[in-house]
Amino acid sequence: MKEYNVAIVGATGVVGEEMRKILEERNFPVANLKLLASARSAGRRLTFRRTGILVEELSAGSFKGVDIALFSAGATVSREFAPLAVKAGALVIDNSSAFRMEPDVPLVVPEVNPEKAREHKGIIANPNCSTIQMVMVLKPLHARSRIRRVVVSTYQAVSGTGKGAVRELLGQSKAVLSGEPARVEVYPHQIAFNLLPHIDVFLENAYTKEEMKMVNETRKIMGDSGMRITATCVRVPVFVSHSESVNIETEKKITAEEAREILEKAPGVEVIDDLESCAYPLPIFAEGKDLCYVGRIREDDSIENGLNLWVVADNLRKGAALNAVQIAELSIK
Ligand code: 3JN
């Protein structure tokens with residue numbers, strides 16, 4: 001079997017670490033793994049297949065001999081270094097928002113639009129975590145009857161912000177429980193025992209950038225520019241896994257029973273929906289798992305063809321690193 005030289009850019013971040021784990025878990029055919037990070041993290045040693053690998057400082061010359069570069073170091077780094085990686089002959093799979101909406105960059109969720117991965121010109125974009133888990137359940141329902149409108153509210157874990165936010169939730173929780181003042185550094189307000197209707201920056205239309213990412217990316221992935229979508233993104237004091245309340249309106253009626261049957265057959269999706277035993281998707285259950293979990297499937301009687309769904313997935317795995325590695329798997333098939 002052919003093996004590939006793989007690089008992870010942002011190797012010491014929460015998503016970069018998960019990428020390294022997933023490449024190993026899924027036995028991706030790696031010949032050589034290069035771990036790249038900022039000068040601050042360079043020099044650390046991380047393990048891959050029981051071997052220590054030295055983290056190198058990312059530079060313009062980092063991509064010589066690299067076949068596949070997984071980027072998870074933010075949009076600024078991607079904008080600067082992804083074109084250099086492409087020029088050096090690598091396929092870039094980029095987890096940032098830098099290229100997602102560019103017309104000649106495919107935005108791919110392998111269970112949803114795998115065919116788009118073939119159309120790349122060197123860069124394939126990984127969608128935002130909240131978008132990925134939503135389209136995983138929208139797509140199979142849309143295939144039954146076109147979705148006209150989506151109203152989504154998210155409940156996003158702090159790991160989506162990175163390691164500093166994980167430390168902040170932990171530190172603030174301990175402080176509050178000990179009756180001490182909570183130090184606020186990462187978010188504009190205390191996140192422990194609180195929630196913040198504010199993810200990424202505010203835009204001129206009063207939505208946040210995270211909310212507009214969900215709107216625009218979903219339309220692109222679903223291939224339906226006329227789909228009406230509105231989002232409210234909320235940060236909650238959960239460490240891992242994003243949850244979403246998703247309300248949809250379809251052109252033709254899909255009953256709750258039909259929706260359950262469709263979702264039970266959907267790739268990468270598992271239905272957890274047993275009210276008698278209080279079984280529904282939970283963030284602490286989804287953590288470390290690869291599927292998107294959906295439950296609380298019920299008809300919205302306030303409109304003619306409405307459904308309500310509750311969707312939960314590990315934001316670092318299916319929402320980021322796993323989806324990127326699945327794209328890499330698609331690209332070498
Ligand atoms: O906050 C979350 O839960 C997800 C965060 C995603 C994120 C954070 C900073 C910059 C992104 C993203 O993936 O869209 C970006 C970005 O690349 O713009």
Side-chain angles (χ1 to χ4, degrees), residues 8-10 12-19 38 69-83 92-102 105 107-109 123-135 152-169 185-189 191 194-203 207-221 229 231-245 283 286-287 292 311-325 327:
I8 301 176
V9 179
T12 58
V14 267
V15 174
E17 286 187 344
E18 214 64 36
M19 285 171 165
S38 65
L70 305 173
F71 272 70
S72 70
T76 311
V77 170
S78 292
R79 264 187 220 106
E80 181 177 350
F81 289 94
V92 168
I93 300 168
D94 182 34
N95 191 45
S96 84
S97 62
F99 309 105
R100 286 181 193 145
M101 296 314 297
E102 297 211 350
V105 174
L107 184 60
V108 175
V109 178
I123 301 177
I124 302 176
N126 209 41
N128 176 272
C129 40
S130 297
T131 307
I132 292 177
Q133 67 183 73
M134 184 165 79
V135 297
V152 55
S153 299
T154 70
Y155 305 68
Q156 298 183 218
V158 295
S159 53
T161 313
K163 284 183 178 171
V166 171
R167 277 193 297 270
E168 180 141 311
L169 172 57
E185 281 167 5
V186 175
Y187 297 116
H189 305 279
I191 182 65
N194 200 9
L195 46 82
L196 313 175
H198 175 185
I199 297 183
D200 208 331
V201 295
F202 285 107
L203 303 173
Y207 283 81
T208 62
K209 200 167 164 192
E210 182 81 354
E211 289 160 353
M212 294 317 295
K213 283 174 191 170
M214 289 193 79
V215 172
N216 296 321
E217 293 178 19
T218 299
R219 287 184 180 140
K220 177 168 175 175
I221 298 164
I229 308 169
T232 303
C233 292
V234 181
R235 186 75 62 196
V236 298
V238 164
F239 287 105
V240 178
S241 300
H242 289 356
S243 305
E244 298 176 346
S245 161
E287 179 172 352
C292 287
V311 185
V312 182
D314 184 320
N315 57 306
L316 304 177
R317 291 179 72 90
K318 186 58 193 167
L322 171 64
N323 199 73
V325 173
I327 293 173

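Bear in mind the structure is a predicted one, so any value in this text is a computation, not a measurement. In each ligand, atom 1 is the first atom listed, and ligand 1 is the first ligand listed.
Within the listing of ligand 1, atoms 13 (O) sit less than 4.0 angstrom from a heavy atom of N95. Near I199, meaning under 4.0 Å from one of its heavy atoms, ligand 1 places the atoms 1 (O). The atoms of ligand 1 that sit less than 4.0 Å from any heavy atom of N128 are 6 (C), 12 (C), 13 (O), 14 (O). Below 4.0 Å from some heavy atom of G160 lie the following atoms of ligand 1, by number and element: 1 (O), 2 (C), 3 (O), 4 (C), 5 (C). Those atoms of ligand 1 that come under 4.0 Å of a heavy atom in S97, given as number and element, are 16 (C), 17 (O), 18 (O). Atoms of ligand 1 lying under 4.0 Å from at least one heavy atom of S96, given by number and element, are 17 (O). Within the listing of ligand 1, atoms 1 (O), 2 (C), 3 (O) sit less than 4.0 angstrom from a heavy atom of Q156.
At least one heavy atom of R100 sits under 4.0 Å from some atom of ligand 1. The closest approach between any non-hydrogen atom of G74 and ligand 1 is not below 4.0 Å. Heavy atoms of N126 stay at 4.0 angstrom or farther from ligand 1.
The main-chain N or O of E168 is never found under 3.5 Å from a side-chain atom of E185 such that the two would form a donor-acceptor pair. When atom types are taken as modelled, the side chain of T208 and the backbone of V201 share no donor-acceptor pair closer than 3.5 angstrom. Looking only at distances, no side-chain donor or acceptor of K213 sits under 3.5 Å from a matching main-chain atom of S130.
At the shortest separation from atom 4 (C) of ligand 1 among protein heavy atoms lies C129 SG, 3.4 Å. The single protein non-hydrogen atom nearest to atom 15 (C) of ligand 1 is K213 NZ, 3.5 Å, given as residue, atom name and distance. Protein heavy atom in closest approach to atom 1 (O) of ligand 1: R235 NH2, 2.6 Å.
At least one side-chain heavy atom of K318 sits less than 4.5 Å from a side-chain heavy atom of V109. Side-chain contact check for T154 versus H242: every heavy-atom pair is 4.5 Å or farther apart. In this structure the side chain of C233 never reaches within 4.5 angstrom of the side chain of Y207, judged on heavy atoms.
Atom 9 (C) of ligand 1 lies below 4.0 Å from none of the non-hydrogen atoms of the protein.
Atom CD of residue Q156 and atom OG of residue S243 lie 9.5 Å apart, to the nearest 0.5 angstrom. Within the model, atoms OG of S72 and CE of M19 stand 4.5 Å from one another, a figure rounded to the nearest 0.5 Å. Distance CD/Q133 to CG/N323: 11.5 Å, rounded to 0.5 Å.
Between T161 and ligand 1, a contact under 3.5 Å exists for no N or O pair.
Using a 4.0 Å cut-off between charged side-chain N and carboxylate O, R235 and E210 make no salt bridge.
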